[in-house]
Colleague: 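My questions will all concern the structure given below.
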Amino acid sequence: MVDGEKPAAASKEVRPGSVKPELDGQRVAIRGWVHEVRDLGSLVFVVLRDRSGLCQAVFSRKGADANLQAALDGLTRESAVRVWGVVKVAPQSRMGVEVRGDGLEVLARAVERLPYEVTGKVPASMTTRLDHRILDLRKPANTAIFLIADTLFDAIREYLRGEGFVEVRTPKIIATATEGGAALFKVDYFGREAYLAQSPQLYKEELVTVFDRVFEIGPFFRAEASHTRRHVSEFTSVDIEAAFMNYEDVMRVLEGMVVHVFKRVLDERRRELELLGVSLRPPRTPFKRITYDEALRELEELGYEKSWGGDLETPDLRYLAKRHTGFYFITHFPTAIKPFYIQPDPSNPSVSESFDLMYQWLELASGGTRISDPSLLRQRLTEQGLNPESFKHHVAVYDYGMPVHAGWGLGFERLLMVITRITNIREVILFPRDRFRLTP
RNA sequence: GCCUGGGUAGUAUAGCCAGGUCUAGUAUCGGCGGCUGUCGCCCGCCGGACCCGGGUUCAAAUCCCGGCCCAGGCGCCA
């Protein structure tokens with residue numbers, strides 16, 4: 001930086017993404033990261049980037065003072081810099097506008113040789129991308145995913161609060177397996193055995209007797225050795241639970257929330273959707289609903305016979321997706337394949353008041369009416385081979401006025417996959433944890 | 001856990017099936033030089049790699065065995 005060349009006090013601090021033709025003639029200062037440098041000799045183009053977007057600054061070496069010369073000569077990609085100059089409409093530039101640079105200060109220099117091409121000139125494998133995740137996230141299309149995620153969080157909270165839900169946090173370190181089923185991570189809790197929570201299920205049910213409607217957005221853990229594009233060890237769940245509601249009521253909350261989220265993303269994240277090449281349309285409610293029995297019948301029509309009582313497996317769901325594009329619910333699963341807390345249908349106890357929200361063949365959420373009768377709950381615990389003694393704190397709550405209630409859990413990242421059209425869940429998690437990856 | 005496929009410069013790949021012509025090609029990258037309108041800038045020169053161990057063979061990036069690491073599918077689930 002040079003005497004007399006410091007940005008004038010009058011220059012306006014702007015982000016790269018807000019350098020628009022409307023600012024023509026304005027003195028600006030911009031902080032960001034060097035996305036690209038194209039050095040033509042006496043003319044140097046520097047593309048600046050931050051989360052708002054890109055802009056081009058152009059510097060002339062002719063007449064540049066020694067400090068600017070030195071800064072341009074030693075400029076490396078991904079360095080954090082401050083650039084100042086005058087905005088000019090520039091038809092000869094593809095962006096249509098650029099900053100005629102007067103000065104450039106390197107705020108934090110990046111090393112010459114990066115392990116990863118942020119500009120995307122060379123493709124990178126998933127492993128390489130995740131090993132250098134911070135550089136990978138700087139790629140505008142990847143940044144876009146998480147700006148959309150930010151809107152998702154906000155839209156979900158906005159919608160659920162609007163429906164009278166109170167945001168809560170339940171423990172992630174627990175003493176016993178909550179539901180059986182999924183494998184849990186064991187942790188050493190001051191010498192005692194403890195586990196990482198796989199869901200807030202029991203806590204959120206208990207909490208409806210206090211707040212009547214609760215929701216939680218939080219991390220949960222599964223120690224399954226799964227190795228697919230839609231499973232990770234640590235994921236984010238959006239959970240709700242509501243007193244005085246049944247499965248049909250919470251299905252309406254769920255589809256309403258999905259539509260609301262789509263609308264907010266469409267309103268606020270046009271640029272990001274464009275970066276991802278996604279054209280979104282909000283789904284229409286009500287979503288299609290088919291029962292488990294109907295699903296079996298459809299499978300049969302498609303030529304895949306399946307005996308009643310088993311869970312719908314991945315291949316089954318893929319077949320069903322041929323008929324059901326977009327969002328749809330599958331309801332009334334056999335009681336036997338559902339967790340102990342699910343309410344059997346009073347008119348036919350072999351099926352339950354349960355549902356899964358599907359997007360094509362991807363399971364996004366599952367939920368249902370919960371058992372509210374204490375003796376039925378104890379009976380179901382025993383039937384599922386669980387020890388009622390380990391659930392005594394939970395079951396006790398049912399003796400203190402537990403009304404009919406219902407809820408669901410939604411995989412946040414899976415919804416994000418649907419919206420961004422990303423097919424590997426690792427890409428929609430900042431720092432994913434899977435069977436093989438614990439760092440960075 | 002089971003099944004399939006794969007590991008070549010910092011990154012992404014060609015070569016492998018049909019061993020020798022590979023002192024391993026290309027792109028990107030980094031260094032140096034040139035270039036006043038680039039926008040995947042361009043041009044020239046330079047730099048950098050066969051996952052590890054063993055075996056077969058006159059000869060191994062290439063074939064065989066073992067190991068390590070990874071990707072995907074399934075099961076299970078969100």
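Just so it is clear: chains get the letters A, B, ... in the order the sequence lines come, proteins before strands, and each one is counted from 1. None of the values given here were measured: they were computed from a predicted structure.
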Colleague: Ignoring hydrogens and angles, does a donor from either the side chain of A:Arg414 or the base of B:rC77 sit under 3.5 Å from an acceptor on the other?
Modeller: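 Yes, the side chain and the base share a sub-3.5 Å donor-acceptor pair.
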
Colleague: Under 4.0 Å between a side-chain N or O of A:Arg435 and OP1 or OP2 of B:rG73?
Modeller: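 Answer no for this pair, as no side-chain N or O of A:Arg435 is under 4.0 Å from OP1 or OP2.
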
Colleague: Using whole Å, what does the distance between atom C1' of nucleotide B:rU11 and atom CZ of A:Arg113 come to?
Modeller: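 These atoms are roughly 9 Å apart.
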
Colleague: Mark this stacking check for A:Tyr116 against B:rG10 as yes or no, applying ring centres under 5.5 Å and ring planes under 30°.
Modeller: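 So no, this residue does not stack on that base, at least one cut-off failing.
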
Colleague: Figure out the CG/P separation between A:Leu184 and B:rC77, and round it to whole Å.
Modeller: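 Rounding to the nearest Å, CG of A:Leu184 and P of B:rC77 are 13 Å apart.
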
Colleague: Report yes if the distance between the aromatic ring centroids of A:Trp408 and A:Tyr247 is under 6.0 Å, otherwise no.
Modeller: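 They do not qualify: ring centres at least 6.0 Å apart.
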
Colleague: Report, as yes or no, whether the 6.0 Å neighbourhood of atom NZ on A:Lys263 holds more than 12 heavy atoms from other residues, nucleotides or ligands.
Modeller: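 No, not enclosed.
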
Colleague: Please evaluate the base of B:rA78 for a donor-acceptor partner in the side chain of A:Arg222 within a cut-off of under 3.5 Å?
Modeller: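 Result: at least one qualifying N/O pair found.
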
Colleague: Measuring to OP1 and OP2 of B:rC70, would you say a side-chain N or O of A:Arg129 lies under 4.0 angstrom away?
Modeller: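 Answer is no, no contact under 4.0 Å.
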
Colleague: Could you work out the separation of B:rU23 and B:rU4 based on their P atoms and round it to a whole Å?
Modeller: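 Those two atoms are separated by 36 Å.
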
Colleague: Please tell me which of A:Gly41 and A:Asp311 maps to the more 5' nucleotide of RNA chain B, matching each residue to the nucleotide holding its nearest heavy atom.
Modeller: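 This one resolves to A:Gly41.
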
Colleague: Under 6.0 Å between ring centres: does that hold for A:Tyr328 and A:Phe287?
Modeller: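 Ring centroids of A:Tyr328 and A:Phe287 are no less than 6.0 Å from each other.
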
Colleague: State yes or no: are the ring centers of A:Phe215 and A:Tyr159 separated by less than 6.0 Å?
Modeller: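 They do not qualify: ring centres at least 6.0 Å apart.
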
Colleague: Atom CD1 of A:Ile419 to atom P of B:rA78: distance rounded to whole Å?
Modeller: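 Nearest whole value for this atom pair: 20 Å.
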
Colleague: When the ring centroid of A:Phe221 is compared with that of A:Phe235, is the distance short of 6.0 Å?
Modeller: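 Ring centroids of A:Phe221 and A:Phe235 are no less than 6.0 Å from each other.
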
Colleague: What about A:Thr119, does its side chain sit under 3.5 Å from the base of B:rG40 through a donor-acceptor pair?
Modeller: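 No such pair is found, so the answer is no.
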
Colleague: How long is the line joining NE2 of A:His227 and P of B:rU4, in whole Å?
Modeller: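 So the two atoms are 16 Å apart, to the nearest Å.
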
Colleague: Looking at A:Arg229, does any N or O in its side chain come under 4.0 Å of the phosphate oxygens OP1/OP2 on B:rA78?
Modeller: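 Indeed not, no polar side-chain atom of A:Arg229 lies that close.
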
Colleague: When you get a sec, tell me which of B:rG40, B:rA78, B:rG37 is the closest nucleotide to the side chain of A:Phe45?
Modeller: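 The answer is B:rG37, which lies nearest to the side chain.
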
Colleague: Please report the distance, rounded to the nearest Å, between NZ in A:Lys121 and P in B:rA27.
Modeller: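 Distance check: A:Lys121 NZ to B:rA27 P gives 14 Å.
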
Colleague: To the nearest Å, how far apart are A:Arg230 CZ and B:rC74 P?
Modeller: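 Atom-to-atom, A:Arg230 to B:rC74, this comes out as 5 Å.
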
Colleague: Reckon A:Arg426 has a side-chain N or O less than 4.0 Å from the OP1 or OP2 of B:rG72?
Modeller: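 Yes, within the criterion.
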
Colleague: What is the base-pairing partner of B:rG1, counting Watson-Crick and G-U wobble geometry with both distances under 3.5 Å?
Modeller: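 B:rG1 is paired, partner B:rC74.
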
Colleague: Can you tell me if the side-chain N/O atoms of A:Ser125 get under 4.0 Å from OP1 or OP2 in B:rA12?
Modeller: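 True: A:Ser125 side-chain N/O within range (under 4.0 Å) of B:rA12 OP1/OP2.
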
Colleague: Taking B:rG75 as the reference, what is the distance to B:rC3 when you measure between their C1' atoms (whole Å, please)?
Modeller: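 Per the computed distance, 11 Å lies between those C1' atoms.
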
Colleague: In whole Å, what is the span from the CZ atom of A:Phe436 to the P atom of B:rG73?
Modeller: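 Value for this atom pair: 13 Å.
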
Colleague: Does the ring centre of A:His332 sit less than 6.0 Å away from the ring centre of A:Phe355?
Modeller: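 Between A:Phe355 and A:His332, the centre distance exceeds or equals 6.0 Å.
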
Colleague: How is A:Glu98 classified with respect to the nucleic acid when contacts are heavy atoms under 4.0 Å: base, sugar-phosphate, or nothing?
Modeller: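 Result for A:Glu98 = base.
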
Colleague: With a 3.5 Å cut-off and just heavy-atom distances, do the side chain of A:Gln92 and the base of B:rU38 make a donor-acceptor pair?
Modeller: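 Per atom types, no contact qualifies.
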
Colleague: Is there a side-chain contact between A:Thr314 and the phosphate of B:rG75, meaning an N or O under 4.0 Å from OP1 or OP2?
Modeller: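 Checking A:Thr314 against B:rG75: at least one side-chain N or O falls below 4.0 Å of OP1 or OP2.
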
Colleague: Applying a 4.0 Å non-hydrogen cut-off, can you work out what A:Leu415 is touching in the nucleic acid: base, sugar-phosphate, or nothing?
Modeller: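 Nothing, no nucleic acid heavy atom in range.
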
Colleague: Tell me: CD of A:Glu224 to P of B:rA78, nearest whole Å?
Modeller: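 Those two atoms, CD and P, are 10 Å apart.
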
Colleague: Can you tell me the Watson-Crick or wobble partner of B:rU11, both distances under 3.5 angstrom?
Modeller: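 The answer is B:rA27, by the H-bond criterion.
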
Colleague: Would you kindly check whether a donor in the side chain of A:Ser226 faces an acceptor in the base of B:rC77, or vice versa, at under 3.5 angstrom?
Modeller: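 Not at all, since no donor on one side and acceptor on the other fall under 3.5 Å apart.
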
Colleague: Could you please name the option among B:rC74, B:rG40, B:rU11 that lies closest to any side-chain atom of A:Pro315?
Modeller: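 Output: B:rC74.
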
Colleague: Could a donor-acceptor pair under 3.5 angstrom be found where the side chain of A:Glu117 meets the base of B:rG10?
Modeller: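 Side chain to base: pair present.
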
